Amino acid sequence: MVNAHPPYMDGCDDILTSLDDSHVLTITINRPKARNALRTQLLHEIAQTLDKATSDDNVRCVVLTGGDKVFAAGADITEMADKTSVGVLQDPRANHWRTIRDFPKPMIAAVNGFCLGGGNELAMHCDILIAGKNAQFGQPEINLGIIPGAGGTQRLTAMIGKSKAMRLVLSGEFLSAEDAERAGLVSEVCEPELTLEKATALARKIASKAPVAARLAKESVLKASDGLLAEGIAFERKAFALLFATDDKSEGVSAFMEKRKPNFKGH
Ligand code: CAA
């Protein structure tokens, strides 16, 4: 990606950051070889950048993208291999997710390609989703013997309804961009090469509005659901941690890394 502006945040390896003259901060997830898998360092870099942007009046709206081909294929599964239940409970990732959740300014996801697991949860932390026709949304954690752990079961259900959310979470199937738009997960579908352009144009429009009103508008809209989700998100997190004590989680993660089908036993 050609970047006319200097990096907004120095010292990042996994993301690119740039602030334009219209007060729009663009964060590009940049681990193409691992399908933009959200390793802990990457989540930390996003959280740090949002932390800086929170108190920077020059930033009025954020666009979060994974580039042309993939938004993010979820948590980095290689990091999950040796993680225990206690490790999940003590995981610094929870703090990074909290920072992302609490970011008070409008944030738009520009999604192309796979948007899976923690990647879909990250997109759902954004306030508006714009998707390229090649986008595919899913919560395939069940294939690893686990469940979503960053609010996916709750936010997805709030956004697309129980039956469709159950289907994605229980079967690991993906939702196409068109189906995601019909279901209410995304606000617009476009040609993949236009996704970032459209998200940026919308972000510039939002950035031209009164910043305090925009923040309070975001906070108000979130009040319609976030408070109701809090208990479910806490439950999901504990269930997610518990599943890290199962043999099926070890089997699911090993099978992914060995590129074979898992053989789940129920313990
Ligand atoms: N973590 C780590 N590495 C990943 C990854 C992930 N989530 N997704 C893909 N990769 C790696 C692959 O291991 C592979 O590495 P090598 O080249 O070294 O073999 C590389 O990226 C390319 O992947 P594929 O060859 O599989 O590419 P593909 O185009 O055929 O398939 C895909 C893409 C459908 C995204 C497939 O890679 C896939 O299913 N990935 C896993 C998706 C998933 O299960 N996500 C949920 C993770 S758990 C989670 O997200 C929980 C949470 O946050 C709380």
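Since the model is a prediction, treat every value here as computed from it, not as a measurement. Just follow the structure's listing: the first ligand is 1, and inside any ligand the first atom is 1.
Listed by number with element, the atoms of ligand 1 under 4.0 angstrom from any heavy atom of G74 are 50 (O). Less than 4.0 angstrom separates some heavy atom of F240 from each of these atoms of ligand 1: 54 (C). Per-residue contacts place P140 under 4.0 angstrom from the following atoms of ligand 1 (heavy atoms of the residue considered): 43 (C), 44 (O), 45 (N). Listed by number with element, the atoms of ligand 1 under 4.0 Å from a non-hydrogen atom of A37 are 1 (N), 2 (C), 6 (C), 7 (N). Counting atoms of ligand 1 from 1 in the listed order, those under 4.0 Å from a heavy atom of E121 are 52 (C), 53 (O), 54 (C).
Distance from atom 54 (C) of ligand 1 to its nearest protein heavy atom, with residue and atom name: G149 N, 3.3 Å. The protein non-hydrogen atom at the shortest distance from atom 19 (O) of ligand 1 is K259 NZ, 2.8 Å. Regarding atom 45 (N) of ligand 1, its nearest protein heavy-atom neighbour is A73 O, 2.9 Å. F256 CE1, 4.1 Å is the protein heavy atom nearest to atom 39 (O) of ligand 1. The protein heavy atom nearest to atom 10 (N) of ligand 1 is A34 O, 3.9 Å. Ranking the protein heavy atoms by distance from atom 33 (C) of ligand 1 puts F114 CE1, 3.5 Å first. Protein heavy atom nearest atom 28 (P) of ligand 1, with residue, atom name and distance: R35 NH2, 3.8 Å. Nearest protein heavy-atom contact of atom 1 (N) of ligand 1 is I77 N, 2.9 Å.
At a threshold of 4.0 Å, the pair R204-D20 counts as salt-bridged, since one of the basic side-chain nitrogens sits closer than that to a carboxylate oxygen. Using a cutoff of 4.0 Å between basic side-chain nitrogens and carboxylate oxygens, K83 and D91 are scored as salt-bridged. The residues E191 and K133 are annotated as salt-bridged, a charged nitrogen and a carboxylate oxygen being separated by less than 4.0 angstrom. Here E251 does not pair with K265 in a salt bridge; the nearest charged N to carboxylate O distance is not below 4.0 Å. Salt bridge R31/D76: present, at least one basic N to carboxylate O contact under 4.0 Å.
Within the 4.0 Å cut-off (strictly below), no protein heavy atom is located near atom 30 (O) of ligand 1. There is a protein heavy atom less than 4.0 angstrom from atom 7 (N) of ligand 1.
Using cut-offs of 30° and 60° for the angle between ring planes, the F174 and F114 rings count as perpendicular.
With a 4.0 Å heavy-atom cut-off, ligand 1 is reached by the side chain of L116 but not by its N, CA, C or O. When heavy-atom distances to ligand 1 are checked against a 4.0 Å cut-off, L144 comes that close only through its side chain, counted from C-beta outward.
Remark: side-chain polar atoms of S85 are paired, donor with acceptor, to backbone N or O of A245 under 3.5 angstrom.
Every residue meeting the side-chain hydrogen bond (donor to acceptor under 3.5 Å, both in side chains) condition with D14, not counting sequence neighbours, appears here in chain and number order: R39. Scored by the ring pair (Phe, Tyr, Trp, His ring centres under 6.0 Å) test, F256 finds no partners at all (sequence neighbours excluded).
Taking a 4.0 Å cut-off on heavy atoms, K33 registers as neighbouring ligand 1. The closest approach between any non-hydrogen atom of N143 and ligand 1 is not below 4.0 Å.
One finds the CH2 atom of W97 at 5.5 Å from the CG atom of L43 (value rounded to the nearest 0.5 Å). E173 CD to L175 CG: the interatomic distance, rounded to the nearest 0.5 Å, is 9.5 Å.
With distances taken over non-hydrogen atoms, the option nearest atom 47 (C) of ligand 1 out of G118, A72, A75 is A75.
Of the candidates T49, D56, N58, D56 is the only one forming a side chain to side chain donor-acceptor pair (under 3.5 Å) with Y8.
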